[in-house]
Asker: 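Sharing a structure here in structure tokens format.
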Amino acid sequence: MTGHDAVDEEQRHLGRLLDRLEELRADTRARLDAVLRTSGGTPQARSERESFARLYSSELAAFSAANLGLYFGRLDMGDGEVRRIGRVGLRDDDEDLTTLLLDWRADHSRPFYLATTARPEGAHRRRHLRTIGRRVIGIHDEYLTAPEDGELPEDHDDVVGESALLEALDTARSGHMTDIVATIQREQDEIIRNPHAGVLVVQGGPGTGKTAVALHRAAYLLYTHRQRLDRSGVLIVGPNARFLDYIARVLPSLGESGVVLRTLADLYPGVRATGPETLRGEEVKGSGEMVAILKAAVRARQLAPRSEVVVRVEGHDLTLAPATVRAARGRARMTRRPHNQAREAFATRIVDALTEQYVAALTDPVGRAEDDAWSPEGDGVGDLGDPARPLLDADDRAELRREVKASREVAEVVDEWWPVLRPERLLADLLSSRERIAEAAGDYVAEDQEALFRRDGAAFSVADVPLLDELAELLGEDPTADGSEADRAWAEQLRQAEEALEILTGSAVQDIEDDLDPEVLMAYDVVDAEALARRHSADSDLTVADRAGADRTWAFGHVIVDEAQELSTMAWRVIMRRSPNRWMTLVGDVAQTSSPAGIDSWHDALSPYVDDRWVLTELTVNYRTPETISAVAELLLAEIDPDASSPRPVRPGRRPVAWREPEPDAVARVVTEEIRAVPSERAVAVLVPDDGGEGDGHGHDGDGGGDHEGDDDEGTPPRYAALAEAAEEVRPGTSVLPLALAKGLEFDVVVVVDPDRVLARSPQGLQDLYVGATRATQELVLVQPGGFGPLLAGIRDRLAAGDRELSA
């Protein structure tokens, strides 16, 4: 068959596929319209109506996304079978339901990604198609077994479909990530389809496609485990909002949209963390010691009086001794329930104590009740057998107890000694008070305590989000907040269960302090599992993604974390709460850790949660960064970790790395010259140091200030605002970003400004520069005002001496 005939054949099949897709889309649209026209009727009917509406809307979204690049591959198997591969699976509307197109995630599609001449996987020929709209504009055939009239080409076992791959890599970037569904490589496919049902770590250097693999794995898991994940959802956590915008179009293009995309900054519902943070503050807040500090901050709000307190109830003065309140506090702590839920146990003990005094006062007309006041050592009722005293039956006592419980003064003392606390308010009060910090973090050195302080405690940073989440666990839900009938029923069930367990704990110590935390299974631990199941099965008009995104305690079926090496110890606790089944995909590169609170090894991060029950996979081929840029990156990596190995680049590079050393007042001119020289279809980024302030290079201003997370809406530090304006004037749309916001992104051309300042800014300066230098897919320019320092000058000279083509 000639090339022209092959194109004609594929053109006919593409037309058939698009026609069938349009038929399915019209049919689904009609079904959706019919469902939306129904009135609902019974609650069950309304629930079914919403379920079908969500189903048909999801199918329509998948059909629309699949329309672009629907058909991209074909396999001719050795036995004569033809398999056509695309974004979704399509069957013809005939009696046999003939398969027109295989979903790329189906098992029968797998040889398209795995087959090489050394291991053809039963395939004879692989064909890649390029299409625009309804037109086939090109095909490329690879023979995996020798054709009758030709020799087998040389095998490249780690690069599948090299011609199609290189063409895709050379395509200009658009500012949004594109899927790699047509060019997935063997090592990527093996990770995407990895059957491990626990924690899977994907380690890979820059340009190895870690993010693309993670997203395609999400789509694959949703396809393969649809029933399991439809109810619980998939959470994808990215490093920043710009990154999520960058990847947002990939999953819909793969036929999946029911995924929750979040950054750590917005994992706590109701809070969008945009406040600044110092590097020292980020490190301190990310450490595991913060758990003890937060517990201490909560306990500091569980008070007891220093002297007796008189409470007036219905004209009677009742007395609470400090020991009585401490006993009530101990019993409340013994429940092991969060602070706000334990408040009921505290209040119950206080009311019981005052009720016994009230009874004694009413049964002692000559005032002997004061002598028989209730105390922890006695029942406090006095000798009710004295015929001079009136006897009260159970109903009388119950009524007196209701009077005590309804007393405004009693409510006030309970609020004072065991107040309802909310995470946002408690954390804001802690961070804005040096006295509270010293009380909770007394073992910390003065510098670390100062790093926690800021004047505006409510200006939450990303580093505060794990603290809010931890406090939410320690405090529990606000019992005064309105809840659904089901929530109230569950709370009542919990209360009854705890009363039943009182027998087990009645003789235990009653004043549990910080180091006394009994390992006793309480009612809260047992009944809470039921609440979790009830949330997942709740009837709602919202999608699973909507419900999961708004529920801090939602348990996701699968969690994917990109740039996972940046997570602090406290952030890992947040992520693990979202994944109680520990089915996770963690993507990252420890050599790129730029956070001072980030990890140095996967083992140290994961062993507290899953011991050694996790699997490490590695990506070894660099698809993004050409050899010219990789040479610089390799020498930076050698400084970071001499034992680390760089991924192998597959492209030579079009232009050597440019080293520019302008005078400080000429930086803007040199940068704009570089920008102006880039073809208009290419994406350009100017990357600058994250710190725009003066002083210690950490952005610390003495009041807990700083600008590690960015200073304005665009994230450009003020120092480089004029440069950003100049770049925008020369080339509208040019990205001028601090390095922290560039992680995970890629551009055709990258200009790194002031790299020596990047190196000097923090102990992670080398990692930051390594990340910045490897964002480029075509060209890299390094611009250093006044000349490069010893490290970078040495790298430049070593490259020049070793291979002239690697340096300008």
Side-chain angles (χ1 to χ4, degrees), residues 235 237 262-273 275 277 281-302 333 335-343 419-433 436-437 439-444 448-449 451-454 457-478 514-515 517 524-525 528 532 551-556 559 561 564 566-580 582 595-599 605-606 608-609:
L235 171 67
V237 180
R262 290 288 185 272
T263 68
L264 188 63
D266 50 18
L267 261 184
Y268 187 88
V271 170
R272 183 71 178 92
E277 188 61 76
E282 187 177 331
E283 185 174 11
V284 173
K285 291 177 179 179
S287 68
E289 285 77 9
M290 282 303 304
V291 175
I293 292 174
L294 295 176
K295 285 183 177 180
V298 173
R299 286 177 176 261
R301 306 296 287 271
Q302 299 168 354
R333 289 175 175 174
T335 66
R336 293 180 67 241
R337 297 179 68 188
H339 169 90
N340 288 332
Q341 274 73 57
R343 169 187 160 95
V420 172
L421 298 176
R422 296 170 179 81
E424 298 91 330
R425 184 71 265 162
L426 180 60
L427 185 60
D429 289 345
L430 173 66
L431 298 181
S432 61
S433 169
R436 290 190 185 276
I437 291 173
E439 182 181 28
D443 294 337
Y444 268 47
D448 287 345
Q449 291 188 30
L452 291 174
F453 173 76
R454 63 166 172 260
F460 297 125
S461 70
V462 175
D464 293 321
V465 171
L467 310 189
L468 288 169
D469 202 75
E470 192 74 31
L471 282 173
E473 292 290 311
L474 295 173
L475 298 178
E477 297 297 326
D478 180 356
D514 291 341
D515 56 346
D517 204 3
Y524 183 81
D525 304 307
D528 192 47
L532 180 64
D551 186 350
R552 188 194 67 82
T553 59
W554 189 273
F556 288 91
V559 173
V561 184
E566 301 295 342
L567 295 182
S568 67
T569 299
M570 293 300 293
W572 280 110
R573 293 172 66 87
V574 177
I575 298 299
M576 292 297 172
R577 289 188 195 108
R578 270 59 174 182
S579 180
R582 302 296 190 260
S595 169
I599 68 171
L606 297 175
Y609 305 100

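One is the number of the first residue; the rest follow in order along the sequence. Reckoned from all heavy atoms, side chains included, excluding hydrogens, waters and symmetry mates.
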Asker: Backbone N or O of Asp429 within a donor-acceptor pair of the Ser433 side chain at under 3.5 Å?
Answerer: no
Asker: Answer yes or no: is there a side-chain heavy-atom contact under 4.5 Å between Arg454 and Phe460?
Answerer: yes
Asker: For Ala441, is there any backbone N or O sitting under 3.5 Å from a side-chain donor or acceptor partner on Gln449?
Answerer: yes
Asker: Any chance you could measure Arg552, atom CZ, to Glu473, atom CD, to the nearest 0.5 Å?
Answerer: 4.5 Å
Asker: Tell me whether Arg582 contacts the main-chain N or O of Met576 through its side chain, where contact means a donor paired with an acceptor under 3.5 Å.
Answerer: yes
Asker: Side-chain contact, heavy-atom cut-off 4.5 Å: Arg422 with Leu475?
Answerer: no
Asker: State, to 0.1 Å, how close Ala265 and Val462 come at their nearest heavy-atom pair, and which atoms those are.
Answerer: CB-CG2, 3.8 Å
Asker: Compare all side-chain heavy atoms of Leu474 with those of His339 and state whether any distance is below 4.5 angstrom.
Answerer: no
Asker: Taking the side chain as C-beta and beyond, is there a heavy-atom pair between Pro466 and Arg573 under 4.5 Å?
Answerer: no
Asker: Do Met290 and Leu452 come within less than 4.5 Å of each other through their side chains, counting heavy atoms only?
Answerer: yes
Asker: Taking the side chain as C-beta and beyond, is there a heavy-atom pair between Ser461 and Lys285 under 4.5 Å?
Answerer: yes
Asker: Would you indicate whether the side-chain heavy atoms of Leu294 and Leu430 approach each other to under 4.5 Å?
Answerer: yes
Asker: Measure the shortest side-chain to side-chain distance between Leu431 and Asp464 over non-hydrogen atoms and say whether it is less than 4.5 angstrom.
Answerer: yes
Asker: Identify the two heavy atoms, one from Ala428 and one from Ala458, that lie closest to each other, and give their separation to 0.1 Å.
Answerer: CB-N, 3.8 Å
Asker: Verify whether one side chain among Ser579 and Tyr609 offers a donor that lies under 3.5 Å from an acceptor in the other.
Answerer: no
Asker: Hey, what do you get for CG (Leu467) to OH (Tyr268), rounding to the nearest 0.5 Å?
Answerer: 11.5 Å
Asker: Would Glu439 and Arg299 count as a salt bridge (charged side-chain N to carboxylate O under 4.0 Å, His left out) if you check the C-alpha gap in whole Å, the side-chain angles of each, and the deciding distance to 0.1 Å?
Answerer: CA-CA 11 Å; Glu439 182 181 28; Arg299 286 177 176 261; over 6 Å; no
